[in-house]
**Student:** 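Dropping the structure in here first, questions after.
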Amino acid sequence: MPELPEVEVVRAGLAPAVTGALVLGATVLDERALTRHTGDGAEFEARLTGRVVLSAARRGKFLWLPLQPATDGTAATDAVVGHLGMSGQMLLRAPGAPMERHERVRIDLAHPVHGELSVVFADQRTFGSLAIDDLIPTADAAAGGQGWAEASVPAQVAHIARDPLDPAFSDGAFRRTLDRKDSAIKRVLLDQTVVSGVGNIYADESLWAARIHPETPARALSTRAVKRLLAEVRHVLEKALAEGGTSFDAQYVNVNGQAGYFAHSLNAYGRTGEPCPRCGRPIVRVSFTNRSSHFCPHCQRMPRSLPVTR
DNA sequence: CATGCGTCCTGTGGGC
DNA sequence: TGCCCACAGGACGCAT
């Protein structure tokens, strides 16, 4: 589901509620929610109880809650990692609140200022999951991600590239990677080891804005086109974030269960047959890589010839 | 090594 | 009305 803007909305909502809070207990209702965790539900609950949450962090579509080390004075060494998958939600609830539909895990917290509250992980399709994972140093020694100034990331997030809104994202490295890719640019945008946070909606929206055909081989893009694309990716992600993310239904909501407004701003995604806002010709939908791509065949043309070398 | 496909789930909406 | 298929915002493992 959720792509960077939706996940960032969740992170920003969690941060003030969980930072500094003590874990009173955890309840795993469905162990399928722990597919990223090495132990079982009871082990997860026991290992989390009594710990203090230091922050709410994010890189791309991954979230994590760094935990205070048992012996203080040192850097954090582990965290609760979460991925929302296609349908995951993180909801803030009052203590003892009734069980949510599709509730998988509940974490009960005591915050020094806000008092007791619960973080509920609900997930219809169970593609999302939580885990307790070790923090390891970042390869570039920069901060781990949004909301986490220490130079560490959960081990299972280490292979995820920085996202385009991360100050440590390297535009030059991104451009050089594209030069080596024969794959369609859309596929590369969805490859979280190249650039993280972009999913099917924002890939289509960014390519529409940059006037690039989704099946253009990545290496066929000029340096100028790559710069334009990166600028549009950032613009789309920031605008969506400012509007609270994209919600087509009640599935994609913030920690208080509220929907975002960006669906009204979509130019290509989900607008099959509707007029392109730029040229008026119909948006088409094609299927490749087992996913839908929406674009304007008039505004987004394939390059006539591919550069032999750049 | 890089690339592309199938698979893990539940639910909804449209067509017949 | 009811049934069945297609499709849904993701990521990973495995085959080629």
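As the structure is a prediction and not an experimental result, all values here were calculated from the model. Here is how names work: the chains are called A, B, and so on, in the same order as the sequence lines, proteins then strands, and each is numbered from 1.
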**Student:** Is any side-chain nitrogen or oxygen of A/Lys61 closer than 4.0 Å to OP1 or OP2 of C/dA11?
**Tutor:**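 So the side chain of A/Lys61 is within the cut-off, an N or O lying under 4.0 Å from OP1 or OP2 of C/dA11.
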**Student:** What dot-bracket string describes DNA chain C from 5' to 3', counting Watson-Crick and G-U wobble pairs whose defining distances are under 3.5 Å, with [ ] for crossing pairs and | for pairs to another strand?
**Tutor:** .|||||||.|||||||
**Student:** What is the nucleic acid contact for A/Asp182, judged by heavy atoms within less than 4.0 Å: base, sugar-phosphate only, or nothing?
**Tutor:**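 The answer is sugar-phosphate, as A/Asp182 gets under 4.0 Å only of primed atoms, P, OP1 or OP2.
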**Student:** Check every strand shown and say whether A/Asn290 touches a base, only sugar-phosphate, or nothing at a heavy-atom separation below 4.0 Å.
**Tutor:**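 Base contact.
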**Student:** Between A/Arg58 and A/Asp163, is there a salt bridge with N-O shorter than 4.0 Å?
**Tutor:**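 Answer for the salt bridge query: yes.
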**Student:** Is the shortest side-chain N to carboxylate O distance from A/Lys239 to A/Glu243 below 4.0 Å?
**Tutor:**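 Between A/Glu243 and A/Lys239 there is a salt bridge, with a charged N closer than 4.0 Å to a carboxylate O.
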**Student:** State yes or no: do A/Leu14 and A/Val23 share one hydrophobic cluster built from I, L, V, M, F, W and Y residues joined by side-chain heavy-atom distances below 4.5 Å, directly or via other members?
**Tutor:**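 Yes: a chain of side-chain contacts under 4.5 Å links A/Leu14 to A/Val23.
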**Student:** Test your reading of the model: is there a side-chain donor-acceptor pair from A/Arg278 to the backbone of A/Trp208, 3.5 Å cut-off?
**Tutor:**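 Flag set: sc A/Arg278 to bb A/Trp208 pair under 3.5 Å.
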**Student:** In this structure, how many angstroms lie between the P atom of C/dG10 and the CG atom of A/Asp191, rounded?
**Tutor:**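 Value for this atom pair: 13 Å.
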**Student:** With P as the reference atom in both, quote the distance from C/dC7 to B/dC5 in angstrom, rounded to an integer.
**Tutor:**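 So the two P atoms sit 16 Å from each other.
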**Student:** Mind calculating the distance between CZ (A/Arg291) and C1' (B/dC5) to the nearest angstrom?
**Tutor:**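 Taking CZ of A/Arg291 and C1' of B/dC5, I get 13 Å after rounding.
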**Student:** May I have the distance from A/Leu63 (atom CG) to C/dA11 (atom C1'), rounded to whole angstrom?
**Tutor:**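 Atom CG in A/Leu63 sits about 15 Å away from atom C1' in C/dA11.
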**Student:** Can you label the angle between the A/Phe62 ring and the A/His159 ring as parallel, tilted or perpendicular, going by 30° and 60°?
**Tutor:**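 Ring orientation of A/Phe62 relative to A/His159: perpendicular.
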**Student:** With a 4.0 Å cut-off on N to O distance, would you call A/Asp123 and A/Arg32 a salt bridge?
**Tutor:**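 Salt bridge flag = no for A/Arg32 with A/Asp123.
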**Student:** Going by atom types alone, do A/Tyr202 and A/Glu6 pair a side-chain donor with an acceptor below 3.5 Å?
**Tutor:**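 Note: A/Tyr202 and A/Glu6 side chains meet the donor-acceptor criterion.
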**Student:** Please confirm whether the shortest side-chain N or O distance from A/Ser183 to OP1 or OP2 of B/dG4 is below 4.0 Å.
**Tutor:**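 Checking A/Ser183 against B/dG4: at least one side-chain N or O falls below 4.0 Å of OP1 or OP2.
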**Student:** In whole angstrom, give me the gap between the P atoms of B/dG6 and C/dA6.
**Tutor:**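 Per the computed distance, 14 Å lies between those P atoms.
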**Student:** Quick one: label A/Arg285 by what it contacts on the DNA or RNA (base, sugar-phosphate, nothing), any heavy atom closer than 4.0 Å.
**Tutor:**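 A/Arg285: backbone/sugar contact only, no base atoms under 4.0 Å.
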**Student:** A/Arg187 CZ to B/dA2 P: how many Å, rounded?
**Tutor:**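 From A/Arg187 CZ to B/dA2 P: 14 Å.
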**Student:** By nearest atom, which of the nucleotides B/dC8, B/dT10, C/dA11 is closest to the A/Arg125 side chain?
**Tutor:**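 Selected nucleotide (nearest to the side chain): B/dT10.
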**Student:** Within less than 4.0 Å of OP1 or OP2 of C/dA11, is there a side-chain N or O belonging to A/His83?
**Tutor:**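 Yes, within the criterion.
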**Student:** Figure out the CG/C1' separation between A/Leu84 and C/dC12, and round it to whole Å.
**Tutor:**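 It is 17 Å, rounded to the nearest whole Å.
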**Student:** Applying a 4.0 Å non-hydrogen cut-off, can you work out what A/Ser292 is touching in the nucleic acid: base, sugar-phosphate, or nothing?
**Tutor:**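 The residue A/Ser292 makes sugar-phosphate contact but no base contact.
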**Student:** Round to the nearest Å and state the distance from A/Leu190 atom CG to C/dA8 atom C1'.
**Tutor:**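 Rounding to the nearest Å, CG of A/Leu190 and C1' of C/dA8 are 14 Å apart.
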**Student:** Scan A/Arg32 against the nucleic acid and name what it touches under 4.0 Å (heavy atoms): base, sugar-phosphate only, or nothing.
**Tutor:**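 Touches sugar-phosphate only.
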**Student:** Classify the side chain of A/Arg180 versus the base of B/dA2 as yes if they form a donor-acceptor pair under 3.5 Å and no if they do not.
**Tutor:**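 Flag unset: no donor-acceptor pair detected.
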**Student:** Going by the side chain to side chain donor-acceptor pair (under 3.5 Å) test, name the single residue among A/Arg187, A/Arg285, A/Lys186 that passes it with A/Ser293.
**Tutor:**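 Among A/Arg187, A/Arg285, A/Lys186, the one meeting side chain to side chain donor-acceptor pair (under 3.5 Å) with A/Ser293 is A/Lys186.
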**Student:** So what does A/Tyr202 touch, heavy atoms closer than 4.0 Å: a base, only the sugar-phosphate, or nothing?
**Tutor:**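 Nothing, no heavy atom under 4.0 Å.
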**Student:** Could you tell me how far apart A/Phe127 (CZ) and B/dC8 (C1') are, to the nearest whole angstrom?
**Tutor:**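 In whole Å, B/dC8 C1' lies 5 Å from A/Phe127 CZ.
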**Student:** In whole angstrom, give the distance that lies between atom NE2 of A/His102 and atom C1' of B/dT10.
**Tutor:**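 Those two atoms, NE2 and C1', are 7 Å apart.
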**Student:** Treating A/Arg271 as the side-chain partner and A/Asn267 as the backbone partner, does any N or O pair qualify as donor plus acceptor under 3.5 Å?
**Tutor:**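 Confirmed, A/Arg271 side chain pairs with A/Asn267 backbone.
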**Student:** Measuring from the side chain of A/Phe62 (C-beta onward, heavy atoms only), which nucleotide among B/dC5, C/dC12, B/dT10 has the closest atom?
**Tutor:**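 That would be C/dC12.
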**Student:** Is the phosphate of B/dG11 approached by A/Gln124 (side-chain N or O, under 4.0 Å from OP1 or OP2)?
**Tutor:**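 No, no such contact exists.
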**Student:** In terms of side-chain heavy atoms of A/Arg101, which of C/dA8, B/dG11, C/dA11 is nearest?
**Tutor:**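 Closest of the options to the side chain of A/Arg101: B/dG11.
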**Student:** So which nucleotide from C/dG10, B/dT3, C/dC12 ends up closest to the side chain of A/His159?
**Tutor:**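 In terms of side-chain proximity for A/His159, the closest of C/dG10, B/dT3, C/dC12 is C/dC12.
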